[in-house]
2 protein chains.
Amino acid sequence: MQLMEFKLSQTEENYIKTIYSIEIHLGKSVSTNKIAEKLKTKASSVTDMIQKLSEKKLVNYKKYQGASLTSEGKSIAVKIVRRHRLWEVFLVNNLDYAWDEVHDLAEQLEHIKSKTLIDKLEAYLEYPTHDPHGDPIPDRNGNIEHHKNIMLSSAKVGENCQVIGVKDSSSSFLKFLDKTNIKLGSQLKIISIEDFDHSMIIENNGIQNSISNQISKNLFVKKY
Amino acid sequence: MQLMEFKLSQTEENYIKTIYSIEIHLGKSVSTNKIAEKLKTKASSVTDMIQKLSEKKLVNYKKYQGASLTSEGKSIAVKIVRRHRLWEVFLVNNLDYAWDEVHDLAEQLEHIKSKTLIDKLEAYLEYPTHDPHGDPIPDRNGNIEHHKNIMLSSAKVGENCQVIGVKDSSSSFLKFLDKTNIKLGSQLKIISIEDFDHSMIIENNGIQNSISNQISKNLFVKKY
DNA sequence: ATATAAATTTAGACAAGTCTAAAAAAAATT
DNA sequence: AATTTTTTTTAGACTTGTCTAAATTTATAT
Ligand SMILES: [Mn+2]
Ligand SMILES: [Mn+2]
Ligand SMILES: [Mn+2]
Ligand SMILES: [Mn+2]
């Protein structure tokens with residue numbers, strides 16, 4: 001059966017993307033309330049929409065059992081994520097936005113409909129593999145690299161880590177990182193870990209800083 | 001009275017832009033039917049919308065008298081035109097689209113809401129003054145150059161003209177120009193004009209071509 | 001096992017924008 | 001001036017997506 005081309009509304013796309021991101025995160029089907037919370041809408045509205053998406057075979061749904069994406073729904077979600085992240089790259093690399101400023105704009109731009117636009121944008125940006133927050137960009141066929149979930153918080157004293165992504169993309173978190181001079185690529189050495197609250201002293205560029213567990217739990221790193 | 005910031009829907013913006021372009025063209029208030037035709041909607045829908053825009057003081061409206069933009073409405077329209085044309089420049093200059101492919105995409109992109117995006121895009125594009133069809137781009141204060149309405153059709157035998165814009169931006173017209181090797185900046189010499197149908201023989205880059213009146217009426221030129 | 005609490009779904013209403021059909025006004029013809 | 005035609009407006013219905021309030025189901029706690 002060939003992939004039908006769907007013309008989805010902006011709203012439908014937002015629901016699909018939201019279900020996708022929660023499902024990835026939790027690894028199981030997504031509750032009505034979770035979706036409502038993330039979309040800042042009401043549970044009753046969510047029920048309506050997932051029933052509609054279920055009729056379109058984009059969502060698996062049984063009453064009171066939560067929702068999960070079908071493979072077709074997942075493939076649409078990945079396309080939306082691809083558009084979102086490529087636009088974020090453009091905004092940061094070309095238009096000189098800071099990494100904490102681009103999310104809301106990308107939320108709009110990801111819904112622009114065109115058969116050719118995103119591939120042309122990707123070529124213009126020279127095929128970036130990650131967005132400004134370190135998240136992988138799916139390729140044109142929907143293949144997406146798996147984020148290895150190593151958080152800074154799991155590192156041990158004496159280890160060296162390189163920052164490769166942020167879990168929380170909120171402006172307040174990103175601005176804190178700017179202030180502390182932590183960016184993608186930063187090389188951090190764990191000097192010590194406080195038993196009581198799991199805060200860490202890290203060395204970054206020769207400078208030592210204390211970092212709360214709240215922070216270290218939101219930084220993806222790779223050890224080296 | 002200070003300029004209120006309006007949050008208009010995409011639909012409202014499209015009505016305003018449509019009224020603007022017809023009003024500019026005709027120089028008088030715009031009939032319900034004309035708007036309906038251009039927006040491919042029904043007259044009754046148009047009546048509803050212009051009444052709504054009238055309540056918002058963006059449109060002057062008296063029953064059965066057609067609609068015209070207030071100065072506030074006009075200022076909004078110019079902003080939309082600015083966004084449209086800057087996006088068209090980006091699509092052609094940076095993403096390698098042809099000039100006949102960008103209109104529908106710009107129709108979507110012009111509705112992206114942001115206080116900063118368009119000025120940043122304009123800077124990135126290095127402050128272009130005209131879009132790919134030769135139409136002037138309003139500056140950030142809403143000032144827009146007046147197109148001098150000299151059409152190629154009004155040129156006389158022996159005169160030299162430079163193409164500076166197209167009146168019709170339809171894909172079929174633009175593709176015809178591509179085929180005939182006429183582009184913005186092309187220098188045309190009028191070799192002869194046929195009395196019967198006002199078709200012209202023009203010389204372009206050393207090559208002579210016959211051009212119908214339909215064509216010459218849709219090319220903005222300046223004489224030199 | 002029952003009672004209580006929490007989550008989910010249904011029912012009914014509303015706003016935005018659209019449409020068709022009918023009524024009213026304006027314009028064009030005779 | 002009266003009639004016909006065209007344009008515009010109104011009335012009522014429909015769609016998408018939202019909400020509140022009430023009903024139902026599932027989960028939790030006694
Ligand atoms: Mn984002
Ligand atoms: Mn991102
Ligand atoms: Mn255009
Ligand atoms: Mn244009």
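Only this structure's heavy atoms are used, side chains among them; waters, hydrogens and symmetry mates stay out. Numbered from 1 within each chain, the chains take letters A, B, ... in sequence-line order.
- Using a 4.0 Å heavy-atom criterion, one finds that A:S45 contacts the bases of the nucleic acid, with or without backbone contacts as well.
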Test side chain to side chain contact (heavy atoms under 4.5 Å, CB included) applied to B:E110 and B:N14, step by step: CA-CA 10 Å; B:E110 72 190 4; B:N14 281 333; 3.7 Å; yes
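- Between the B:T70 side chain and the B:K57 main chain, a donor and an acceptor come within less than 3.5 Å of each other.
- Among the nucleotides C:dT18, D:dT9, C:dT8, the one closest to any side-chain atom of A:T32 is C:dT8.
- Electrostatic pairing of A:K56 and A:E72 does not count as a salt bridge here, judged by no charged N lying under 4.0 Å from a carboxylate O.
- Remark: B:Q65 is not in phosphate contact with D:dT7, judged by side-chain N or O atoms under 4.0 Å from OP1 or OP2.
- Projected onto DNA chain D by closest heavy-atom contact, A:Y64 and B:N33 fall at different nucleotides, the more 5' of which corresponds to B:N33.
- Place A:K63 and A:D48 on DNA chain D by their nearest nucleotides, and A:D48 ends up nearer the 5' end.
- Looking at A:E101 and B:K120, no side-chain N of the basic residue comes within less than 4.0 Å of a carboxylate O on the acidic one, giving no salt bridge.
- Between A:T11 and D:dT16 there is no side-chain polar atom (N or O) within less than 4.0 angstrom of OP1 or OP2.
- Regarding A:E12, its CD atom lies at a distance of 9 Å from the P atom of D:dT16, rounded to whole Å.
- A donor-acceptor contact under 3.5 Å links the side chain of B:S44 to the base of C:dT20.
- Whole-Å rounding puts the B:K42 NZ to C:dC19 C1' distance at 7 Å.
- In the model, A:N33 has no side-chain atom that pairs as donor or acceptor with a side-chain atom of A:S31 under 3.5 Å.
- Close to C:dT8, at under 4.0 Å from its OP1 or OP2, lies no side-chain N or O of A:Y61.
- A:L53 has its CG atom 13 Å from the C1' atom of D:dT16, to the nearest Å.
- Atom CE of B:M49 is separated from atom C1' of C:dA15 by 12 Å (rounded to the nearest Å).
- A:Q10 has no side-chain polar atom (N or O) that falls below the 4.0 Å cut-off from OP1 or OP2 of D:dT16.
- Contact annotation for A:T47: base contact, defined as any heavy-atom pair under 4.0 Å involving a base atom.
- The nearest whole Å value for the distance from the CD atom in A:E37 to the C1' atom in C:dA6 is 15 Å.
- Following rounding to the nearest Å, B:I35 (CD1) and D:dT7 (C1') show an atom-to-atom distance of 13 Å.
- B:Q51 places its CD atom 14 Å from the P atom of C:dT18, with the value rounded to the nearest Å.
- When the C1' atom of D:dC19 is taken as reference, atom NZ of A:K40 falls 18 Å away, rounded to whole Å.
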